[in-house]
Amino acid sequence: MEGYLAPLSPEAQAVERPLAAAVKTVPLTGLSMRVDGSSVPSTLPRLVGVRADFRYRYEGLPEDNVFRIPLVYDFELISGGWRIRAGRLGENATLPIWATGPVQTERSEHFLAVHRPGLPDPSRILRRAEQARAQLDGKITFPLERQYLLLMAKDRAEYESMTSAKLGQVSAIAQVETSYQVTPENIQVQGRQIIVNVEQVRGDDSALETFRHELGHLAVAQYTRPFTPAWVSESAAMYLAGTRPADIWRAGLNRREFDRINFADLTRASNLGEHDSTREAISLNYAYAAAAAWFLVETYGASKYWEFYRSFGAVPANALYQSLPERGDPNVRDQAIEVLAVQTTQRSLMTLFGLDPSELDNRVRQWMDASS
C-alpha cells in the first residue's frame, strides 16, 4: 500500500488511501497501473490530465476478465523525480463496491459473491444462481466460464449504487455489466459481472428465470460487441432463459401494437426503450425480440441462430477501431456503432436466412400469430 501511495502528494494520498486499503478486503490479483501515453502532454514542469487505468482481477475468475478503474492524474516535476499532485476518477467512472464501503465475500462452485455486511441469507441467492447455471449448461453447446462475479444488493437504492448505467423500467431486478477494450487487433470483453437486487428476487421460478437470463448474457459475452443490437443480445438471453411471452404476443397482435415496432428501427437503437421508455412499450420490444429468437431457432435451427449471433463477433476489430474517434466524442462514437450494427445485421440476416429486416418483421409476426 505504501509503495502505491508513495508517488502521490499528501493531498492525492488522502483521496486514494481508501482505495488502496480496500484492495486488501477482497480476493484480488493481477493489480497494475497502465498510463495512456496519448494523454501525456508535452508541457513541463507539469503534466495535467494524464489518463491511467488501475487494473485488477478477482482470484478464481478467468484471467481475461479484467476490471479497471479509469483515473486522471496531474504530475509535477520536483527534485528527485515526478510526483502526482492530484488524482481523480475518469469521466463517468464509478468505484467498485469494495472501494466505497465494507464488504463481505462468499464463494460457491461457480460464483464469487460480494455484498455489504448484514445481507440476509446470501447463500439462498447463490443456490439459485447455481441452479440456473446448471439449467443453462444443458441448453447451450459452448462452455460456460468456470466462475462469475455476482454483486448482491439488499434493495433498490443499494442496487443503483452498484450499477454504472442509468436504470430503466426493466432493470430493477438484475443486470449484467461488461466493458470493451478495442485495439486494431482485437476486442476484449472485460469487467463481466452480474448485479442482483436481492429484495426483488422472490419466488424460485422467477429467480431461476432471472438468473438464466443474466447468465445467458454472460454466456455469449465473448461474441457480443458494442455494435450488437440490443434486440439481438436480448433475444439470445430470453431464448436461453426459456422466456416465451405468448400472452404479450397474443395481446400485441390483437391490438396491432407490434405495427409500430420493426427490426430496422430496433437495429439502430442502443437499447430496447430508446424511443419509448414506458413500461408497456419496453415490454412489447422485449417480447418482439424474444419472438425473433424463437422464430429463428424453430425455423432454421439453434446452430444457425448462434451462427447469426457470433457473426457480430466475427467482424474484424479494426473495422470498429478505425471508426471510433480518437478523443472519444460520444456522438461520433454512437454513429460509428450504429453504422456497424446496421451493416452487420443486414448482411448476416441475408447471408444466413435470406431475409432483410422487413421480411424478418413479416415472418416473425406470422410466427407469433401461429404460436400464441
Side-chain angles (χ1 to χ4, degrees), residues 34-41 47-55 66-74 86-96 159-171 175-193 195 217 221-234 263-278 281-282 285-286 289 312-313 315-346:
R34 299 187 184 181
V35 172
D36 178 1
S38 67
S39 70
V40 179
L47 304 178
V48 178
V50 177
R51 296 191 298 271
D53 280 345
F54 178 79
R55 300 183 179 221
V66 177
F67 292 75
R68 64 190 185 94
I69 304 173
L71 300 166
V72 180
Y73 288 120
D74 297 341
R88 54 197 177 276
L89 278 175
E91 186 177 1
N92 298 322
T94 57
L95 289 171
Y159 178 68
E160 290 184 350
S161 73
M162 292 181 185
T163 59
S164 61
K166 183 178 179 181
L167 300 179
Q169 295 274 14
V170 295
S171 58
Q175 69 178 31
V176 159
E177 290 187 347
T178 60
S179 63
Y180 296 96
Q181 182 177 32
V182 182
T183 69
E185 292 75 31
N186 58 48
I187 300 173
Q188 294 181 338
V189 186
Q190 302 177 335
R192 305 186 293 275
Q193 62 184 11
I195 307 168
H217 279 303
Q222 298 290 20
Y223 311 107
T224 308
R225 294 295 181 260
F227 50 88
T228 301
W231 76 261
V232 175
S233 60
E234 292 298 341
F263 288 112
D265 288 343
L266 290 181
T267 298
R268 292 181 170 86
S270 59
N271 61 73
L272 292 181
E274 182 171 302
H275 301 300
D276 188 341
S277 60
T278 62
I282 293 174
N285 284 338
Y286 270 79
F312 293 87
V315 174
N318 200 45
L320 177 61
Y321 183 83
Q322 293 292 342
S323 64
L324 294 177
E326 289 187 10
R327 290 299 177 185
D329 184 311
N331 293 324
V332 177
R333 179 200 62 209
D334 292 346
Q335 290 171 6
I337 288 174
E338 180 180 309
V339 168
L340 273 176
V342 171
Q343 291 176 344
T344 308
T345 303
Q346 291 179 343

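Because the structure is a prediction, the values reported are computed rather than measured. We use all heavy atoms of the structure for the numbers below, so side chains are in, but hydrogens, waters and symmetry mates are not.
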Report yes if some heavy atom in the side chain of [X] is under 4.5 Å from a heavy atom in the side chain of [Y]; otherwise report no.
{"X": "Thr224", "Y": "Phe312", "value": "no"}
{"X": "Glu177", "Y": "Met162", "value": "no"}
{"X": "Ser270", "Y": "Asp334", "value": "no"}
{"X": "Leu95", "Y": "Ile69", "value": "yes"}
{"X": "Val315", "Y": "Leu320", "value": "no"}
{"X": "Ser323", "Y": "Val332", "value": "no"}
{"X": "Arg225", "Y": "Val189", "value": "yes"}
{"X": "Tyr159", "Y": "Gln175", "value": "yes"}

Once rounded to the nearest 0.5 Å, what's the spacing between atom [atom1] of [X] and atom [atom2] of [Y]?
{"X": "Ser38", "Y": "Arg51", "atom1": "OG", "atom2": "CZ", "answer": "5.0 Å"}
{"X": "Thr183", "Y": "Tyr321", "atom1": "OG1", "atom2": "OH", "answer": "7.5 Å"}
{"X": "Arg192", "Y": "Ser179", "atom1": "CZ", "atom2": "OG", "answer": "9.0 Å"}
{"X": "Gln188", "Y": "Gln222", "atom1": "CD", "atom2": "CD", "answer": "9.0 Å"}
{"X": "Asn285", "Y": "Asn271", "atom1": "CG", "atom2": "CG", "answer": "9.0 Å"}
{"X": "Leu272", "Y": "Ser233", "atom1": "CG", "atom2": "OG", "answer": "7.0 Å"}

Practice problem: Measure from the side-chain N and O atoms of Asp74 to the backbone N and O of Gly49, and report whether any donor-acceptor pair falls under 3.5 Å. | Solution: yes
Nearest heavy-atom pair of [X] and [Y]: which atoms, and what distance?
{"X": "Ile337", "Y": "Phe227", "result": "O-CB, 3.5 Å"}
{"X": "Asp276", "Y": "Ala281", "result": "CG-CB, 3.3 Å"}
{"X": "Leu266", "Y": "Pro229", "result": "O-CB, 4.5 Å"}

